[in-house]
2 protein chains.
Amino acid sequence: MTATGAPRTIQDRALRPTTKVLPEHIRLNNRTLVLQTLYRTGLQSRADLARETGLTRVTVSDLISELMGENLVIELGQRQEPRPGKPATLLDINRAAFQIVSLDLSGHTRLRGAVLSLDGAVLSSSGLDLAGARGEAAFDTVAELLAQVIARATAPILGVGIGSPGIVDRAGVVRNAPNLGWRDQPLQARLQGLTGLPVRVVNDANAAVLAEHSFGGADHDLLLVKVGHGVGAGLLIGGRAIFGERFAAGEIGHVVVGTDDGPLCACGKSGCLEAWLSVPRLTKAIHDATAAAATPMDAERAISDILTEAGRRLGIILAPVVGALNLLEIVLSGPPELLDGALSAATVETLRSRTMATETGDLTLRMTAQGEDIVLRGAAVMVLSAQLGVS
Amino acid sequence: MTATGAPRTIQDRALRPTTKVLPEHIRLNNRTLVLQTLYRTGLQSRADLARETGLTRVTVSDLISELMGENLVIELGQRQEPRPGKPATLLDINRAAFQIVSLDLSGHTRLRGAVLSLDGAVLSSSGLDLAGARGEAAFDTVAELLAQVIARATAPILGVGIGSPGIVDRAGVVRNAPNLGWRDQPLQARLQGLTGLPVRVVNDANAAVLAEHSFGGADHDLLLVKVGHGVGAGLLIGGRAIFGERFAAGEIGHVVVGTDDGPLCACGKSGCLEAWLSVPRLTKAIHDATAAAATPMDAERAISDILTEAGRRLGIILAPVVGALNLLEIVLSGPPELLDGALSAATVETLRSRTMATETGDLTLRMTAQGEDIVLRGAAVMVLSAQLGVS
DNA sequence: CATGTTTGTTAGTAAACCTTACGAACGAAA
DNA sequence: TTTCGTTCGTAAGGTTTACTAACAAACATG
């Protein structure tokens with residue numbers, strides 16, 4: 001007995017549709033597809049794009065003329081390679097036509113800002129001391145820095161991206177950021193009103209993981225651990241950032257590690273990851289150990305022990321996450337002199353020994369190559385994604 | 001300096017398009033949207049559907065006539081409630097027209113099968129002892145059970161859903177299932193060839209989490225822990241199942257818990273979650289404790305201690321996952337006499353005490369209400385989703 | 001120099017949804 | 001009882017989209 005008349009199998013595309021689709025949505029999708037293809041590969045002809053996207057040359061031509069009308073795409077002369085047939089007209093995103101403004105509010109004492117190119121390169125950067133400002137004063141400081149950075153842009157600004165510490169919801173409201181003294185701060189809406197530019201606000205670790213994905217050649221499934229004054233994580237699954245039911249995904253700083261107590265944390269619990277791993281705690285421990293050491297060699301060994309133990313603790317926390325999500329790629333962001341060595345070696349070893357070897361055999365853990373600009377670049381990715389659908 | 005001529009903000013729909021879209025894809029999306037709306041609410045008129053989906057009455061009528069042509073939708077007379085205007089013709093999914101066949105291969109010794117209605121109700125169930133069969137013999141047993149269940153269907157079969165233990169990839173190949181002695185077993189393709197029906201094979205815990213989502217009223221973000229001969233998890237984020245980079249997401253059974261060793265596990269490590277929590281280990285520990293106890297009260301207390309400790313261990317493993325994903329809903333599946341009591345109480349308490357209270361204040365942990373049919377029903381969800389885009 | 005190839009454009013077609021309009025069927029008020 | 005307004009489902013025509021087919025332009029190669 002078979003299902004005669006049963007419908008054909010629904011494609012992935014149509015699984016759980018939640019909204020109606022209209023013909024004009026097709027246009028937007030394909031327009032963005034072309035733009036994205038061009039953004040990623042650069043320097044292609046209309047015919048190349050047609051082959052790559054599966055659209056016809058006719059449709060690509062039409063979309064390109066629309067994009068050229070918006071000054072987003074430009075022609076760059078003809079291809080030089082000697083080939084049979086009519087020579088191709090090369091196209092590219094008009095990378096000089098727009099710039100992106102980014103802010104990184106995650107520094108404990110200093111806010112950073114920069115103008116970036118569409119490729120995520122930092123063109124000029126600025127900074128402003130928070131000077132202990134909190135609440136409305138902190139907002140004013142941010143607004144002042146933003147105005148400074150905007151003034152330094154030398155091309156029309158595509159949008160403003162901001163990486164903020166704390167819990168940030170989808171609308172760019174900072175639900176809770178203790179360091180800045182913000183609760184339910186509608187940062188995105190306020191700055192958008194102030195500047196008239198499209199603004200995107202996201203959590204700093206989420207911004208960082210986007211940067212690593214777009215510019216760091218990372219895979220579609222990726223966990224980034226950001227170690228600074230606090231410890232946070234950004235998580236990407238299937239190329240999409242995970243925000244969590246209450247927008248607090250990645251908040252692993254105050255998860256307790258292990259079954260032996262551990263140091264007391266500011267939050268009141270004992271053995272939080274942050275109490276093991278934050279930069280202040282590590283530098284203090286290293287400082288104390290160095291002072292107490294009899295010889296330089298003793299100091300060296302004590303430092304290595306401290307970092308190894310911190311790395312082990314990170315591995316213990318990450319192991320269940322790696323196992324549950326079957327992650328293969330983990331990236332660390334933070335001071336390399338602390339993270340890039342005994343610490344990360346201990347983390348990866350702990351991860352391997354605490355999870356199924358067969359599944360984590362090809363697990364990689366590495367430092368980000370984005371350095372200190374990672375949040376700025378990630379915030380730029382948000383703007384590219386929101387304004388162009390590209391990243 | 002603002003971005004004059006910058007394009008409008010791209011909608012969520014167009015973020016990172018990966019494929020071209022054609023007009024016919026619109027049709028499929030909207031067709032499925034209508035079908036899904038009807039599946040979930042049932043008994044609606046064309047005009048109701050138009051209001052709910054945002055499509056026009058004209059389009060809905062057209063789609064409905066197509067669906068009626070495939071016998072997927074039927075008219076059920078006119079609405080009786082006295083209202084002004086022409087009375088509405090009520091529609092519903094033709095729930096009696098098709099049935100679904102499901103298999104649950106996750107039992108350690110016994111395979112289960114059932115015929116289900118489109119609503120996920122078990123209409124008739126069968127079973128077959130595995131009798132230690134492994135490899136090709138195990139496949140033959142599965143095929144035999146499948147033939148039995150198919151023979152008991154009383155309506156055309158929409159498709160076959162199978163929940164298998166082990167690691168199952170997107171194509172329904174069982175990459176590794178020790179209990180069944182399978183490695184790279186193309187179960188889905190083979191059974192599809194054998195029966196001529198659409199077949200879907202997924203991991204048993206992933207099937208379970210889908211059942212909980214579709215029939216258990218669970219939210220879009222959900223972690224289900226399935227405790228049996230082994231321990232596995234199914235993870236749903238944003239309503240989508242997570243498979244992991246190597247299709248091994250949810251394999252938390254062999255993640256080490258805590259920083260004190262713990263019992264030796266079959267995998268060679270010490271203190272794996274499975275060594276604390278699996279049904280064989282719990283029943284044995286309880287049996288031993290009961291035998292050693294002087295009084296019934298002592299036995300009672302010893303059992304409670306064992307279950308509490310197991311629950312605590314589960315909480316320790318889940319805490320980083322809950323923190324990293326900001327999960328609020330956790331469901332347990334397995335023998336209620338073991339899980340539903342001291343164990344789950346200890347788990348939820350451990351979770352609360354080891355994660356940020358503010359974020360996990362509304363964390364809920366509960367037993368599934370799906371009972372032993374959870375995998376069968378989840379496998380049916382896979383079929384509904386694949387064949388109708390509905391679930 | 002003829003031939004084949006590649007590019008980008010023009011013209012016409014098919015599919016999908018929309019808007020507008022209409023008859024049918026009902027309740028409520030005159 | 002009749003009229004009016006409402007709601008339902010359908011019909012006709014228009015718009016948007018991408019496709020196919022055909023073509024001129026420009027180049028390499030034999």
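To find a chain, count down the sequence lines: A is the first, B the second, and so on, and within it residues start at 1.
For B:Gln78 and C:dG27, the CD to P distance is 11 Å, given to the nearest whole Å. Across the protein-nucleic acid pair, A:Gln80 atom CD and D:dA28 atom P stand 11 Å apart, rounded to whole Å. Going from atom CG of A:Leu49 over to atom C1' of C:dT7 covers 13 Å, rounded to whole Å. Distance B:Glu52 CD to D:dC8 P: 14 Å, rounded to the nearest Å. In this structure, the CD atom of A:Gln44 is 15 Å from the C1' atom of C:dT7, given to the nearest Å. Taking atom CG of residue A:Asp48 and atom C1' of nucleotide C:dT7, one finds them 10 Å apart after rounding to whole Å.
Residue A:Arg46 places at least one side-chain N or O closer than 4.0 Å to OP1 or OP2 of C:dT9. Between B:Thr89 and D:dG9 there is a side-chain N or O to OP1 or OP2 distance below 4.0 Å. Between A:Arg57 and D:dA22 there is no side-chain N or O to OP1 or OP2 distance below 4.0 Å.
What you find for A:Ser102 and A:Leu376 is that their closest heavy atoms are OG-O, 2.9 Å. Nearest heavy atoms, B:Asn94 versus B:Leu118: O-CD1, 4.0 Å.
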Polar pairs (N or O, both sides) under 3.5 Å between protein and nucleotides 14-17 of chain C?
{"unit_1": "C:dC17", "atom_1": "OP1", "unit_2": "B:Asn30", "atom_2": "ND2", "d": "3.1"}
{"unit_1": "C:dC17", "atom_1": "OP2", "unit_2": "B:Arg27", "atom_2": "NH1", "d": "2.5"}

Show me the protein contacts with nucleotides 2-5 of chain C, counting only N or O atoms at under 3.5 Å.
{"unit_1": "C:dT5", "atom_1": "O2", "unit_2": "A:Gly85", "atom_2": "N", "d": "3.1"}

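The backbone N or O of A:Ala121 sits nowhere less than 3.5 Å from a side-chain atom of A:Asp119 that would complete a donor-acceptor pair.
Between the side chains of B:Asp48 and B:Ser45, at least one donor N or O lies within less than 3.5 Å of an accepting N or O. Checking B:Thr154 against B:Gln99 by side-chain atom types alone, a donor-acceptor pair falls below 3.5 Å.
One finds a salt bridge joining A:Glu70 and A:Arg31 here, because a Lys/Arg side-chain nitrogen approaches an Asp/Glu carboxylate oxygen to under 4.0 Å. Looking at B:Arg46 and B:Asp62, no side-chain N of the basic residue comes within less than 4.0 Å of a carboxylate O on the acidic one, giving no salt bridge.
Where B:Ser45 and A:Gly54 each meet DNA chain D at their nearest nucleotide, the meeting point lying more 5' is that of B:Ser45. Take the nearest nucleotide of DNA chain D for A:Pro87 and for B:Ser61: the residue whose nucleotide is more 5' is B:Ser61.
Using a 4.0 Å heavy-atom criterion, one finds that A:Arg79 contacts no nucleic acid atom at all. A:Val58 comes within contact range of at least one nucleobase, with a heavy-atom separation under 4.0 Å.
Using a 4.5 Å heavy-atom threshold, the side chains of A:Asn30 and A:Thr53 count as separate.
Among the candidates B:Val383, B:Val201, B:Ile100, B:Leu197, the single residue satisfying the side chain to side chain contact (heavy atoms under 4.5 Å, CB included) test with B:Val160 is B:Leu197.
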